[in-house]
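One structure coming up, written as structure tokens, with questions to follow.
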Amino acid sequence: MVEKSAQQLTFYLENETETLALGKKLAQLCPPEQFTIHLEGDLGAGKTTLSRGLLRQLGHQGNVKSPTYTLVERYDLADRTVFHFDLYRLIDPEELDYLGLDDYLSNNSLCLIEWAQQGGDLLPEPDLLISLNYQNDGRNITISAYSIAGEKLCSNLNI
Ligand SMILES: Nc1ncnc2c1ncn2[C@@H]1O[C@H](COP(=O)(O)OP(=O)(O)OP(=O)(O)O)[C@@H](O)[C@H]1O
Ligand SMILES: [Mg+2]
């Protein structure tokens, strides 16, 4: 059994470009099997920016908006399918039942979940939890691993 947050990395991202670059790096290191990343942080902390960097690296060329009203946006990319959630407007975690979460969290998908805390206990633990916090003009980022796959990614990111 993996201990909660056995591995944790913290670093400072000075500007949007660095947040996009981190997203890109994460995309390169994510394993091909199903992998879930929870993104937490205040409004405007950079969750969508990070997701955009990741999606671009995987070949998505268009816009990336937080799917605030639809709750989830699907991207069928060359190597895999990415589901980008924004649960900010989820009023009751039970609403997740209607989304059919099991379908998303399977089939080697990559799931990015903004405002995952809104899902309460109904969301399974992620492989990685990324917290973004305002710090001066930039952002402090903490990445916590909650699975062996997540720990492996952190080790590779650590180099
Ligand atoms: N490391 C950084 N330093 C400073 N500004 C940043 C950094 N990363 C991203 N930003 C800027 O912060 C804003 C983040 O907006 P973004 O939509 O990504 O936030 P969000 O966390 O998804 O917000 P929401 O909770 O509303 O969905 C953008 O204007 C972006 O340019
Ligand atoms: Mg967002």
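First listed ligand is number 1; within each ligand, the first listed atom is number 1.
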* Are any of the N or O atoms of Gly46 closer than 3.5 Å to those of ligand 1? ->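 Gly46 vs ligand 1: N/O contact under 3.5 Å present.
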
* **Residues Thr48 and Ser66: side-chain donor-acceptor under 3.5 angstrom** => yes

* Cation over ring, Arg139 on Tyr12, under 6.0 Å and within 45°? -> no

* Looking at atom 16 (P) of ligand 1, what's its closest protein heavy atom, distance included? ->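 Going atom by atom, the protein heavy atom closest to atom 16 (P) of ligand 1 ends up being Thr49 OG1, 3.7 Å.
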
* Asked: Asn15 heavy atoms, cut-off 4.0 Å: which ligand 1 atoms fall inside?
  ->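 Matching atoms, with element in brackets: 1 (N), 2 (C), 3 (N), 4 (C), 7 (C).
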
* Asked: Counting each atom of ligand 1 from 1 as listed, which ones have a heavy atom of Trp115 under 4.0 Å away?
  -> 25 (O)

* Asked: Do His84 and Glu114 have a side chain donor and acceptor closer than 3.5 Å?
  -> yes

* Could you give me the CA-CA distance, side-chain angles and deciding distance for Gln8 and Ser144, then say whether side chain to side chain donor-acceptor pair (under 3.5 Å) is met? => CA-CA 4 Å; Gln8 203 170 65; Ser144 312; 3.0 Å; yes

* hydrophobic_cluster_shared for Leu20 and Leu50, side chain cutoff 4.5 Å -> no

* Asked: Considering only heavy atoms of Ala45, which atoms of ligand 1 have at least one such atom less than 4.0 Å away?
  -> 19 (O), 20 (P), 21 (O)

* In degrees, rounded to 10 degrees, what angle do Thr48 atom OG1 and Ser66 atom OG make at the Mg ion (ligand 2)? -> 70°

* Asked: Does atom CG of Asp97 have more than 12 heavy-atom neighbours, drawn from other residues, nucleotides or ligands, at distances under 6.0 Å?
  -> yes

* Could you find the nearest protein heavy atom to atom 23 (O) of ligand 1 and give me its residue, atom name and distance? => Gly44 N, 2.9 Å

* Structure fact -> Looking only at protein heavy atoms, what sits closest to atom 25 (O) of ligand 1 is Lys47 NZ, 2.7 Å

* To do: Report the nearest protein non-hydrogen atom to atom 7 (C) of ligand 1: residue, atom name, distance rounded to 0.1 Å.
  =>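 That would be Thr19 OG1, 3.4 Å.
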
* Asked: In terms of residue, atom name and distance, what is the protein heavy atom nearest to atom 17 (O) of ligand 1?
  -> Thr48 CB, 3.7 Å

* To do: Can you sort out which atoms of ligand 1 are near Asp137, meaning under 4.0 Å from one of its heavy atoms?
  => 3 (N), 4 (C)

* Any protein heavy atom under 4.0 Å from atom 29 (O) of ligand 1? ->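 No, there is no protein heavy atom closer to it than 4.0 Å.
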
* To do: Mind listing the closest non-hydrogen atom pair of Lys47 and Gly41 along with its distance?
  =>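 It is NZ-O, 2.9 Å.
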
* Asked: In terms of residue, atom name and distance, what is the protein heavy atom nearest to atom 26 (O) of ligand 1?
  ->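 Residue, atom and distance for the closest contact: Leu43 CD2, 3.4 Å.
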
* **Numbering as shown, the atoms of ligand 1 that approach Gly138 to under 4.0 Å (heavy-atom distance)** =>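 Every atom of ligand 1 under 4.0 Å from some heavy atom of Gly138: 3 (N), 4 (C).
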
* Does Glu114 have a non-hydrogen atom less than 4.0 Å from ligand 1? -> yes

* Asked: Counting only N and O atoms by type, is there a donor-acceptor contact under 3.5 Å from the side chain of Asn15 to the main-chain atoms of Glu18?
  ->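 Side chain of Asn15 to backbone of Glu18, a donor-acceptor pair under 3.5 Å: yes, one is there.
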
* **Which of the ligand 1 atoms, numbered from 1, are nearer than 4.0 Å to a heavy atom of Ser66** =>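 That gives atoms 27 (O) of ligand 1.
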
* Considering just N/O/S atoms, say which atom of Glu114 is closest to the Mg ion (ligand 2). =>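 Distance check against the Mg ion (ligand 2) picks out OE1 in Glu114.
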
* Given the rule that I, L, V, M, F, W and Y join up when any side-chain heavy atoms are under 4.5 Å apart, are Leu13 and Ile37 in one cluster? -> yes

* Asked: side chain to side chain contact (heavy atoms under 4.5 Å, CB included) with Ser51: which of Ile113, Leu26, Leu39?
  ->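 One option only clears the test, and that one is Leu39.
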
* Asked: Hey, looking at atom 6 (C) of ligand 1, which of Glu14, Glu40, Gln135, Arg139 has the closest heavy atom?
  -> Arg139

* Asked: Tell me, do Leu101 and Leu122 make a side-chain contact under 4.5 Å, heavy atoms counted?
  -> no

* Asked: What residue and heavy atom of the protein are closest to atom 31 (O) of ligand 1, and at what distance?
  ->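 The protein heavy atom lying closest is Glu16 OE1, 2.3 Å.
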
* **Verdict with supporting geometry, Tyr75 and Phe83, ring pair (Phe, Tyr, Trp, His ring centres under 6.0 Å)** => CA-CA 6 Å; Tyr75 297 87; Phe83 294 104; 9.2 Å; no

* Taking only heavy atoms of Leu13, which atoms of ligand 1 are found under 4.0 Å from at least one of them? ->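 Those qualifying, in numeric order: 1 (N), 2 (C), 3 (N).
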
